[in-house]
Each structure stands twice: as structure tokens, then as C-alpha cells.
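The structure under discussion appears below in the form of C-alpha cells.
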Amino acid sequence: MRLAVVGATGEVGRMMLRKLEEESVNAEVLDLYASSRSAGSCLEFQGSKIRVQDLNEDHIKRGYDYALFSAGASISKHYAPIAVSSGTVVIDNSSAFRSFQEIPLVVPQINGHLLENYRGIVANPNCSTIQMVLSLYRIHRRFGLKTIVVSTYQAVSGAGNKGINELTDQEHGSKEYKVFVRQIHRNVVPIIGDILDDGFSTEEMKMVNETRKILDDDSISIWPTTVRVPVMFGHSESVFCETVKPFTIEEIRREIVASDDVHLTEEKITPIEVAGSDTVFVSRLRSFDSHRFTIWNIADNVRVGAATNAVRILKRHAGGAK
Ligand SMILES: NC(=O)c1ccc[n+]([C@@H]2O[C@H](COP(=O)([O-])OP(=O)(O)OC[C@H]3O[C@@H](n4cnc5c(N)ncnc54)[C@H](OP(=O)(O)O)[C@@H]3O)[C@@H](O)[C@H]2O)c1
């Protein structure tokens, strides 16, 4: 298989290389791209060092089977169509194409069938959305979801290398902030992305629009508040759901347990325990009645929320998307 990773030096890019190794993806060609800042540096893959190249139009036209993009939306908008025009299937981690009706937005465990006989750009959803829909898709199929109220507690790694660096610098005394809208060290910042006219943020609207698209149900009423917390890896979410049909709590428990790559636990689970895992952990399932329940939902954002999902899309597509 001929592969390219665009944004290979970033948080998601480096994790994608690890996932490709872990999944023993057979790459006859693996070209790594980043900006001119890190071109010439080397990254390791399966015991060999690979030199990072400067991304340009000629390079991305090399006719790869798959190109995994994680260099931000503007890079994807420009280079992904060029890659596709040379026959490459692009798996894009950015928000550039997620809302396009003709572009599949895929979480393979839920709607992997969309990859069958598909060629072009495949969009990887937002990290907070992936972990939430993985815990809810079976409940949605059986009981219907009327309303979701979600508050996120998102790790700084969700903002890439620069998010991690900003928290680390502040831990060492810096008072500067550029990535987050306030100091993040010893603080909580209740705004991620830009605030829109109606008061919701761009990050919150990703959760609304992407959840509806993946679950293929525009009727779900979704109320997110996205919050940055001083955690390195692992997004947490408090999720309240109202269903269309009545349930017993035991039925909800069974649907979560039966969900692919989701683990329901009675343990007190925190981001430190989930970092490095490909599983979504659900705990604190509780309810007062037969239509509403609440959970604590937590996963490694760089793995579950980005790299693992992208490599699963690749494997599913390469395997014929059955
Ligand atoms: N972090 C997460 O949890 C997460 C989750 C889901 C989706 N995403 C999305 O994935 C993408 C990458 O996120 P990240 O967290 O990995 O960010 P990051 O750590 O900041 O990495 C960005 C990558 O893009 C490269 N890049 C920047 N400008 C470039 C250019 N002009 N040409 C080529 N490459 C360029 C960087 O290369 P240099 O080393 O040369 O700067 C680096 O490899 C974003 O679209 C983000 O929204 C991230």
C-alpha cells in the first residue's frame, strides 16, 4: 500500500504513525509531510527513520492509495482535492469537509458501510463527537434520542502541540496565553472555538451537526457546552439524554455494553487512566425515570477522537468496507 501522512509531526500525525504500526498496516511507500518548519527532521516507523518532506502540490500528486491528512482545515481544503485528482483516497481529520453533504463523515463502528465502493475524501469527525456517538449509537437505534445535553471537559492536546506547550509553559510560570482565550493552568475555560451570532461556539456546533449526520437523524435536539480543562490527554463529557421510547436502566446498560469499543465500568475513571487506550469508558450511568439518563463519558482524544478512527477508516476501506 502507498501511503502519505500530511501533518505527520503533529499530535494526531505522530499518533497515526503509531496506530499504523500497531495495526501492522503494510506500507510499501510511506511519505511524511509537514510544513517547511519541520521538513528534513526524521520520524520513526517500524524501526526505520523516515525523513519529513515539505508539502507541495507535486508531492501530493504522487498517486498514493491513501493520504491521512491532519494539518488543519486550510491545508486540507487546498491539497485534499489535488490528492483525490490523482486517485488517492483522502482521510481528513480537519473540519474542512465534514459538513459537505456528499462527503461521508465516518465512525466505522456506526456507519462504516458508507465506505463501500466510495472514492474521494472521507471526513473524520471531531474528537468530542466521536467518543459521544460511540457510547450512544445503539441507544439511539433502539430507543431514539430526542435530546442530548452535553458538557465537555477537553484536554489541551485537543489543540495540538501548541496547546500542550501553552499549558506546560504556564506550569513553569508563564502568564502568556495565545492558544486558549484565558490562562489554562489552574483554570477552566468555557469557550472552545469562535463564538457565533447565536452564542454557541464553532466547537459546539460541530457536536450538533456531526452527531446528527453520523446518526443520520436531524431531529435530535443537542445542547453542548465545550470547555477546556488543564488536562494533557483525554476528553471527559457529562452527557444527559432523553429518549423517544421508554427504557429500563438495565436495557440502557446492555446497549452500552454491546457497543463496539465502549466499556461500561463502575470504577471511578479519569483521563489519566484512559490516556493511551482505544476504548471509550462510560461510568456513572444513572436515571430518575424511564426516558432520561445521564453518563460520564471519557476517551483519549488523540487516539479515539482522531488517529484510531482515521486508521480504522483506512483499514475498513482497504478491506472492501463490508
Ligand atoms: N489533537 C486532537 O485531539 C485532534 C482531534 C481531532 C482532530 N484534530 C484535527 O487534526 C488536525 C491536526 O491537529 P493536531 O492536534 O495534530 O495539530 P498540531 O499538533 O498543531 O500539528 C499540526 C501539523 O500540521 C502541520 N502543518 C502546519 N502547517 C502546515 C503547512 N503549511 N503545510 C504542511 N503541514 C503543515 C504541522 O507541521 P510542522 O511540524 O511543520 O508545524 C504539524 O505536523 C487539525 O485539523 C485538528 O483540528 C485534532
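Note that ligands are numbered from 1 as they come in the structure, with each ligand's atoms numbered from 1 the same way. Residues take their numbers from the sequence shown, with the count starting at 1.
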Enumerated ligand 1 atoms positioned under 4.0 Å from heavy atoms of Ser94: 45 (O)

Interatomic spacing from OG in Ser259 to CG in Leu134 - rounded to 0.5 Å: 8.0 Å

Ile75 contact mode with ligand 1 (heavy-atom cut-off under 4.0 Å): side chain

Any donor-acceptor N or O pair under 3.5 Å, side chains Glu57, His78: yes

Sub-4.5 Å side-chain heavy-atom contact between Thr225 and Val150: no

Polar contact flag for Thr9 and ligand 1 (N/O pairs, less than 3.5 Å): yes

Ser157 contact mode with ligand 1 (heavy-atom cut-off under 4.0 Å): backbone

Distance-only N or O hit between ligand 1 and Leu55, under 3.5 Å: no

Close N or O approach (Gly7, ligand 1; < 3.5 Å): yes

Geometric N/O contact Arg37 with ligand 1, under 3.5 angstrom: yes

Arg2 NZ/CZ over Tyr64 ring centroid, <6.0 Å and within 45° of normal: yes

Backbone or side-chain N or O of Gly10 under 3.5 Å from ligand 1 N or O: yes

Proximity to ligand 1 by part of Ser95, non-hydrogen separation under 4.0 Å: neither

